[in-house]
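Encoded as structure tokens, the structure appears first; notes follow it.
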Amino acid sequence: MEDLRHLILLMIGILVAFTVVMTLVAYTVLAERRVLGFIQGRLGPNRVGPGGALQPLADLLKFIFKEDIVPDKSTRFVYFLAPMIATTAALMTIVVYPFGPDIHLPFTLPFANTNTIPMVIAKFDVALLYVLGVTSVGVYGIALAGWSSNNKYSLMGGLRSAAQMISYELALGLGLIGVILQSGTLNLQGIVEQQSGHLGITGWNMFWVQPLGFFVYLTAAIAETNRVPFDLPEAETELVAGFHTEYSAMKFALFFLAEYVNMFTVSMLATTLFLGGWNGPFVHQLPWLGPFYFLGKVVMFLFFYIWLRGTLPRFRFDQLMTFGWQFLVPLAIINIVVTATIQWSGLFDYVAKFLKTGIGWGG
Amino acid sequence: MLGLLFILFAGMAVGCAISMVAQRNPLYSAISLIGVFISLACLYVTLAAPFIAAVQVIVYAGAIMVLVVFVIMLLNVEEEERGPMRLRSLVPIAVGLATVLFAETVFIIRFVATSPATPVANISDIGQTASIGAGLFTTYLLPFEVTSILLLMAVVGAITLARRGGLIAAKVAVVPGHASYARETLNPAAYPDLTEVNADNSREAAALLGVADGTPPRDHE
């Protein structure tokens with residue numbers, strides 16, 4: 001009975017998180033088109049609903065009713081498997097992110113046996129490693145899609161994507177080690193709690209201790225999600241549409257979804273590790289503010305992504321590799337050495353005493 | 001609940017392993033192997049070893065197998081033909097080894113089932129990230145460092161091998177007259193007086209013979 005109750009609560013939690021993330025993802029697509037329109041001096045979609053607000057729904061309907069074309073000489077099984085892997089791997093990481101601090105709701109007492117609702121679905125001790133592992137499996141979706149389509153543009157897109165993701169995964173992981181060294185835990189909720197400072201702002205990892213790690217992570221993460229300026233796998237001027245050239249209807253929609261969910265989860269990880277997660281002014285007095293701060297920061301990141309897309313040109317492939325291996329990886333290693341040295345010398349504790357714990361400035 | 005999960009993931013692991021051996025298409029074999037790794041990681045989680053599970057997925061499923069799939073895609077390996085069986089003489093040995101393995105398994109299962117359960121000290125620490133890290137950097141520091149040197153040697157060796165003659169496929173450079181060319185680029189019938197030297201590339205061959213280099217200089221050498 002207790003097991004069943006636990007399972008049902010877990011399902012409700014997953015459903016809520018899934019709905020929130022999917023809605024925001026759908027509106028990210030719309031926001032991208034509107035913001036790009038603004039950057040390029042045009043309007044963007046504004047006809048369906050007030051200000052284009054129903055455009056995501058219309059797009060979804062269109063994807064459902066499109067003809068589903070399967071290339072004749074494709075490798076059937078893998079061709080169907082690839083979009084599933086991409087979407088599943090993208091969605092699986094949502095469960096470990098802390099959306100906010102524990103919230104007290106009196107009316108849940110009869111059902112849940114408690115009035116404390118945790119704002120994280122799975123409390124996982126190695127949450128950070130789990131995120132890295134699931135993300136690294138996501139590359140199969142793209143690589144296999146490129147291979148199974150039996151199309152040279154698709155294959156080139158898949159190969160580029162595999163090479164790019166292997167290269168930048170290294171920089172991504174090394175960029176995060178600084179945060180792990182400095183916080184001493186892999187638990188995301190623990191890392192967030194360590195970043196509360198004055199008004200929930202001064203303790204952010206991004207400012208005081210890991211600016212370099214933040215830069216390395218952000219750059220590598222953009223490359224991992226195949227976004228501009230690292231969108232070589234789907235460079236439309238060279239590869240038609242890259243790995244998803246042969247995909248149509250809902251199978252294409254799944255890849256589209258996976259890309260935007262990946263953007264979202266990458267932003268959530270950056271917020272959690274570097275921007276203080278749900279920390280913000282007065283969040284300890286009013287825990288309800290936590291999720292809003294968290295999602296607000298994530299939305300800021302998404303805006304940054306779109307801004308980049310409207311601003312930067314694409315890398316050439318050799319530039320991409322040189323940048324990843326000869327600039328980002330050494331930078332990440334320097335960051336690790338510096339962080340470890342500071343940590344070992346105790347200098348960080350001295351700084352933290354003033355900036356992070358609230359002792360010092362009369363806090 | 002845990003028993004159900006064990007049956008699910010163990011079944012997946014065994015099924016994927018059989019499929020990996022049985023498949024004729026190398027890519028299907030690779031996908032099956034990824035399935036084995038992921039099911040094993042799930043089993044580790046149910047055994048309260050989340051760190052090992054995460055590392056299993058990151059290293060094996062996420063890095064090594066991506067490279068394998070990458071190579072299969074790049075070479076576009078064809079489906080393996082079912083030809084006449086080679087090495088037929090090894091079949092009796094294989095049967096014997098399989099019997100030994102099976103006997104071993106039966107013995108271990110019997111032994112585990114009949115032995116009394118002995119509780120391990122501080123069981124809650126085992127498998128946690130902190131205890132693994134502390135172990136690696138204190139008790140097992142020497143094996144850990146030796147392993148890292150071994151991996152470094154492998155990397156250096158791979159790069160050395162890849163650089164040798166990697167520019168043009170010329171293990172042997174051929175020098176007709178006063179310039180050196182890769183053998184593949186010349187028609188041997190047109191040059192009866194070919195001099196062959198052992199060199200990694202045509203520039204090296206030219207240096208050995210003291211003649212001019214026929215190939216245009218490459219800036220990415």
Side-chain angles (χ1 to χ4, degrees), chain A residues 2-4 6-7 75 77-78 81-82 85 88-89 92 96 122 124-140 142-150 152 154-167 169-170 172-173 180-181 184-187 243 318 322, chain B residues 1-2 4-5 19 23 25-35 37-38 40-42 44-45 48-79 124-125 127-134 137 159 219-220:
Chain A
E2 197 53 40
D3 265 5
L4 191 68
H6 189 65
L7 204 65
T75 315
F77 175 68
V78 184
L81 187 69
I85 296 178
T88 314
M92 262 175 76
V96 294
F124 205 24
D125 261 346
V126 292
L128 193 52
L129 291 179
Y130 169 82
V131 172
L132 290 180
V134 173
T135 320
S136 65
V137 170
V139 62
Y140 290 116
I142 293 175
L144 293 178
W147 180 80
S148 64
S149 300
N150 197 25
K152 58 187 166 210
S154 299
L155 184 65
M156 283 310 297
L159 283 175
R160 279 185 179 188
S161 165
Q164 175 178 334
M165 282 174 133
I166 295 170
S167 307
E169 215 161 63
L170 200 67
L172 187 94
I180 302 170
L181 275 177
T185 176
L186 292 169
N187 187 324
F243 63 90
D318 60 319
T322 315
Chain B
M1 191 70 182
L2 270 182
L4 207 67
L5 287 176
S19 146
Q23 290 289 349
N25 188 327
L27 197 77
Y28 283 178
S29 285
I31 294 173
S32 309
L33 190 56
I34 298 162
F37 287 143
I38 291 177
L40 280 185
C42 296
Y44 292 148
V45 173
F51 181 79
I52 304 290
V55 169
Q56 165 97 3
V57 172
I58 293 175
V59 174
Y60 287 100
I64 293 178
M65 287 314 291
V66 171
L67 279 179
V68 170
V69 168
F70 186 74
V71 169
I72 293 174
M73 281 166 58
L74 201 62
L75 299 180
N76 208 2
V77 183
E78 289 299 312
E79 202 159 306
S124 61
D125 272 3
Q128 296 300 316
T129 315
S131 65
I132 291 174
F137 285 102
I159 290 176
D219 53 307
H220 60 268

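So you know, we letter chains A, B, ... as the sequences are listed, proteins then strands, and number each from 1.
Side chains of A:V78 and B:Y28 form a contact here, defined as non-hydrogen atoms less than 4.5 Å apart.
Both the backbone and the side chain of A:L132 come within less than 4.5 Å of a heavy atom in chain B. Both the backbone and the side chain of B:V66 come within contact range of chain A, each with at least one heavy atom under 4.5 Å from a heavy atom of that chain. If you measure heavy-atom distances from A:L186 to chain B, the contacts under 4.5 Å come from the side chain alone.
The CD1 atom of B:I31 sits 6.0 Å away from atom CG of A:L81, with the distance rounded to the nearest 0.5 Å. Here the straight-line distance linking atom CD1 of B:I64 with atom CD1 of A:I166 works out to 11.0 Å at 0.5 Å rounding.
Listed here is the closest heavy atom pair of B:G62 and A:S136: CA-OG, 3.5 Å. A:V137 and B:A61 make their closest contact through CG2-CB, 4.4 Å (heavy atoms, listed as atom of the first residue, atom of the second, distance). Considering every non-hydrogen atom in both B:P50 and A:V126, the closest pair reads CB-CG2, 3.6 Å.
Note on B:V59, B:I58, B:V69: by heavy-atom pairs under 4.5 Å with chain A, the leading option is B:I58.
Considering only residues two or more places apart in sequence or on other chains, A:Y140 meets the ring pair (Phe, Tyr, Trp, His ring centres under 6.0 Å) condition with none of them. The ring pair (Phe, Tyr, Trp, His ring centres under 6.0 Å) search around B:Y60 returns B:F37, not counting sequence neighbours.
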